[in-house]
A.B. asks: 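One structure coming up, written as structure tokens, with questions to follow.
Since we're looking at a predicted model, the values are computed, not measured. All values below were derived from every heavy atom in this structure, side-chain atoms included, with hydrogens, water molecules and symmetry-related copies excluded.
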Amino acid sequence: MTVSRVGVPGVLSELKIGERRRIRGVLATCPPQVSRRLASLGFVPGAVVTKVRSAPMRDPSIYRVMDYDICLRAREAAQIECEPVE
């Protein structure tokens, strides 16, 4: 997996608390049912996501997208490709 750095695309699971990214889409390896579920939750291309907090063991994490908070496991967040917000 790639290392998340400012200005470098990555996946949602790599975000640090308070970091914002714009969604590029889901990875091609993502199962269709997971892809549909993520889209129905608001994780669509162009949406801005902020990592709000993590559980004590760092999984799951809370992400804010479209003005509401969603809890995702790291394996789900790792399917969402994102890029820095300009």
A.B. asks: Given Leu72 and Ile80, is the side-chain contact (heavy atoms from CB on, under 4.5 Å) satisfied, shown in steps?
C.D. replies: CA-CA 11 Å; Leu72 291 180; Ile80 303 170; 4.1 Å; yes
A.B. asks: What is the minimum heavy-atom distance between Pro60 and Arg73, and which atoms define it?
C.D. replies: CD-NH1, 3.4 Å
A.B. asks: Taking Pro84's backbone N and O only, do any of them form a donor-acceptor pair with Arg22's side chain (distance below 3.5 Å, no angle check)?
C.D. replies: no
A.B. asks: Keeping the roles fixed (side chain from Asp59, backbone from Ala74), state whether a donor-acceptor pair exists under 3.5 Å.
C.D. replies: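 Yes; judged by distance alone, with no hydrogens or angles, the pair exists.
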A.B. asks: Over all heavy atoms of both residues, which pair between Glu76 and Leu38 is shortest? Give the atoms and the distance, please.
C.D. replies: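 Shortest heavy-atom separation between Glu76 and Leu38 comes out as O-CD1, 4.1 Å.
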A.B. asks: If you measure from CZ on Arg37 to SG on Cys30, what distance do you get to the nearest 0.5 Å?
C.D. replies: 10.5 Å
A.B. asks: About how many Å separate CZ of Phe43 and CE of Met66, when rounded to the nearest 0.5 Å?
C.D. replies: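 Those atoms lie 9.5 Å apart.
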A.B. asks: Please check if Val48 and Val26 belong to a single hydrophobic cluster, counting links between Ile, Leu, Val, Met, Phe, Trp and Tyr side chain heavy atoms closer than 4.5 Å.
C.D. replies: no
A.B. asks: Give the intermediate values and the outcome of side-chain contact (heavy atoms from CB on, under 4.5 Å) for residues Leu15 and Ser61.
C.D. replies: CA-CA 10 Å; Leu15 267 68; Ser61 294; over 6 Å; no
A.B. asks: Taking a hydrophobic cluster as the set of Ile, Leu, Val, Met, Phe, Trp and Tyr residues connected by side-chain heavy atoms closer than 4.5 Å, whether directly or through intermediates, do Val85 and Ile70 fall within one such cluster?
C.D. replies: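 No; tracing contacts between hydrophobic side chains, which count when under 4.5 Å, never links both residues.
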A.B. asks: Is Glu14 paired with Arg21 through a side-chain N to carboxylate O contact shorter than 4.0 Å?
C.D. replies: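 Salt bridge absent between Arg21 and Glu14.
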A.B. asks: Same hydrophobic cluster for Ile17 and Val52, using side-chain heavy-atom links shorter than 4.5 Å among ILVMFWY?
C.D. replies: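 No; Val52 is not reachable from Ile17 via cluster members.
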A.B. asks: Does the side chain of Leu12 reach to within under 4.5 Å of the side chain of Gln79, using non-hydrogen atoms?
C.D. replies: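 Side-chain contact under 4.5 Å: no.
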A.B. asks: With rounding to the nearest 0.5 angstrom, report the CD1 to OG1 distance, Ile62 to Thr50.
C.D. replies: 13.0 Å
A.B. asks: Any non-hydrogen side-chain atom of Val49 less than 4.5 Å from a side-chain atom of Ile23?
C.D. replies: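 Yes, at least one pair of side-chain atoms sits under 4.5 Å.
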A.B. asks: Work out which heavy atom in Lys51 is nearest to a heavy atom in Lys16; give both atom names and the distance.
C.D. replies: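 Closest approach of Lys51 to Lys16: CB-O, 3.6 Å.
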A.B. asks: Between Ala77 and Tyr63, what is the shortest heavy-atom contact and its length?
C.D. replies: CB-OH, 3.6 Å
